[in-house]
Amino acid sequence: MSKLRSVKGMNDVLPEDAARWHRLESTFRELVGRYGFGEVRTPLVEPTDLFVRSIGEATDIVEKEMYTFEDKGEKSLTLRPEGTASAARAWIQHSVGGKHPVSKWFYLGPMYRRERPAKGRYRQFWQAGCEIYGDPGPYVDAELIDFVVRYLRALGIQDIEVLVNSLGAGGTRDRYRDALLEYLRPHASELSEDSQRRLERNPLRVLDSKAPQDQAIAENAPDILDHLDEESREHFETLKSALDDLGTPYRVEPRLVRGLDYYTRTLFEVRGRGGDLGANAALCGGGRYDNMIAELGGPATPAIGFAIGLDRLLLVMAETEPKPTLDGFLVVQAKELRGKALAIAQTLRDAGARVDADLRGGSMKSQFRRADKSSAPFALILGEREAAEGTVQVKELATGEQRELPIDQVAAAIIRD
RNA sequence: GUGGCUGUAGCUCAGUGGUAGAGCACUGGAUUGUGGCUCCGGUGGUCGCGGGUUCAAUCCCCGUCAGUCACCCCA
C-alpha cells in the first residue's frame, strides 16, 4: 500500500468504470443539444468574492466548505463549489446579454466542497447543469424541470420524486421570514439544538430539519405559498399547469428551501428513491435567481438553472450493457514474429479496426486467454506459414470458426456495425 | 464539524497473544500452432500507519490515517 494517495474525498475513475461516466456525459450532451443549449467552460478557480456575493455569506458552502487560498498573497481565490456563479460571471463579463436576449448554456465538470465525504458526497464531485438567461418564465421553468426528468429516464432512472416550491419575489422572503419567526419563537425551547441555532440565522432551514421534534413544529408553521406576492403566485400557478400539460410528475413542497441565498420564485429538487443513495438522495437542485445577475454587477436579467450530481446518478443508474472495445486480438506463434505482428496491427488500425496484441512473448495458450478477456470477437493468428504467405487466421472466438484471409481483407472482416 | 462501525493477498473475506489462510483473480503446465471447462503447480501480505502493554502483538490499549453509515448540509 503506497503512502501516496489521492486527496481525501477525491476519487479516480479507472478505465473499467469510465464507460458508465461516458454514458452519463454523452446522454447529457445529446439531450442538451436537442434543446439548443451551448456549452460554457469556465475556470475551476474564481475570485473568492464571486461565491461569497452570489451564494451568500451566511450559507454553509461559503462559511465552511470552500477551498480558498491566497494566490501568492495577492488575491483570495476559491475552487468553484458550484457552477451557476461562474457561468453568470462569464455571461456578465462577455456582455452576452447585449448580443442575445435569451441564452441557454450548459456546463459539465468537477466542483469542490470541503465536507466530510460520504456515499454520494465527495470533495471533488461532478455536476452537469443548465442555465437560461433572459427568460422570466414560468414556461421555461417547466421546460427545465421536465428536461431533468427526461434525462434521468434516459439513464434508466425511474424511481424519482420531483419537488417544487416558490420563494416568491420582492419582499416575499422577508415577510415570510417574519411570519415564521413569530410562529417559531414561542416554540424555541422545544426545537432541536441545531434548529435553535438556525432560528435567528436562517429560520427557513428549520422547516426541512429531520429532527422529529422540529418536524412536529414545522407541521403547523405558516406556509410560504400563502405569503407570495401576486405576481409570484401567478407564476407558480402557471408553472404547475405547464408541468401538468407536459405530464411531468411533481409534488408541491412548501417546506423546500435549499441552501443557497440567490434563489427567487421557482425552486425545485429531484430526489432519487433508490436504496443506494443513503442520506444523499438529492440528485438535482435548481431554481430561479432573478436578482443575482444584477447583484453581481450585470444588467438586471432574470435567470434559472439547475445542477445534477453525476456521482449520485452513477449510484442509481441502470447497468450499462458491456460493449466490445476491440475488434480483434493478435496471437503470435513465435517471438521472432512480434515485429511483423506489430506491423500488421498498425495496418489494421489504419484501416479503422480496433486491434490489440500481447507482445510480451508468452505462449499461444496465454495469448488466447488474453484474447478471450479482451472482449475482442476475433483472434487473429499469425504463424510462420501465415507470415510467409501474407495472411492471418481469423478465428471467431464465440463459435470457434476459423478461416485464413489475406491481410488486406482482415479489417473488413472483423469491423462491426 | 459531531457520533457509530470497519481496515488481513489485486478483489471478497476467514483466523489466532507464540513470526498467516480460503475462494476468485494473475501465472506455468497437462495440450512443443488454438481460448472458454477440468485437473496439477506457482507468484503474491512490514495483517492501514505510529506508539504503548507483554518474554512475545496481526490479535489487547491509545493515537493517527483511510473507508463507510447517521447527523449537519447538499449535487
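Every chain is numbered from 1 and lettered A, B, ... according to where its sequence line falls, protein lines coming before strand lines. Remember, it's a predicted structure, so these values are computed and weren't measured experimentally.
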Report the distance from atom [atom1] of [X] to atom [atom2] of [N], rounded to the nearest whole Å.
X	N	atom1	atom2	value
A:Phe378	B:G36	CZ	P	20 Å
A:Asp60	B:G1	CG	P	14 Å
A:Leu397	B:U34	CG	C1'	10 Å

Is there a Watson-Crick or G-U wobble partner for [N] with both distances under 3.5 Å, and which nucleotide is it?
N	result
B:C5	B:G67
B:C24	B:G10
B:U16	none
B:G44	none
B:C39	B:G29
B:U58	none
B:U53	none

Taking N and O atoms by type only, does the side chain of [X] place a donor or acceptor under 3.5 Å from a partner on the base of [N]?
X	N	answer
A:Arg116	B:G3	yes
A:Lys8	B:G67	no
A:Arg312	B:C74	yes
A:Glu63	B:G1	no
A:Gln393	B:U34	no

Between [Y] and [X], does any NZ, NE, NH1 or NH2 come within less than 4.0 Å of an OD or OE carboxylate oxygen?
X	Y	answer
A:Arg251	A:Glu161	yes
A:Arg89	A:Glu46	yes
A:Glu30	A:Arg34	yes
A:Glu396	A:Arg403	no

Can you check whether A:Lys119 has a side-chain N or O nearer than 4.0 Å to OP1 or OP2 of B:C69?
yes
Base, sugar-phosphate alone, or nothing: which one does A:Gln367 contact when heavy atoms must sit under 4.0 Å apart?
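It contacts nothing in the nucleic acid.
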Within the 4.0 Å heavy-atom criterion, would you say A:Ala371 contacts the bases, only the backbone, or no part of the nucleic acid?
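No contact.
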Restricting both atoms to N or O, compile the protein contacts to nucleotides 26-30 of chain B shorter than 3.5 Å, with distance only.
{"residue": "B:C26", "atom": "OP1", "partner": "A:Lys373", "partner atom": "NZ", "Å": "2.4"}
{"residue": "B:C26", "atom": "OP2", "partner": "A:Lys373", "partner atom": "NZ", "Å": "3.0"}
{"residue": "B:A30", "atom": "N6", "partner": "A:Lys365", "partner atom": "NZ", "Å": "3.3"}

Could you tell me how far B:U6 sits from B:U12 if I compare only their C1' atoms? Round to whole Å.
15 Å
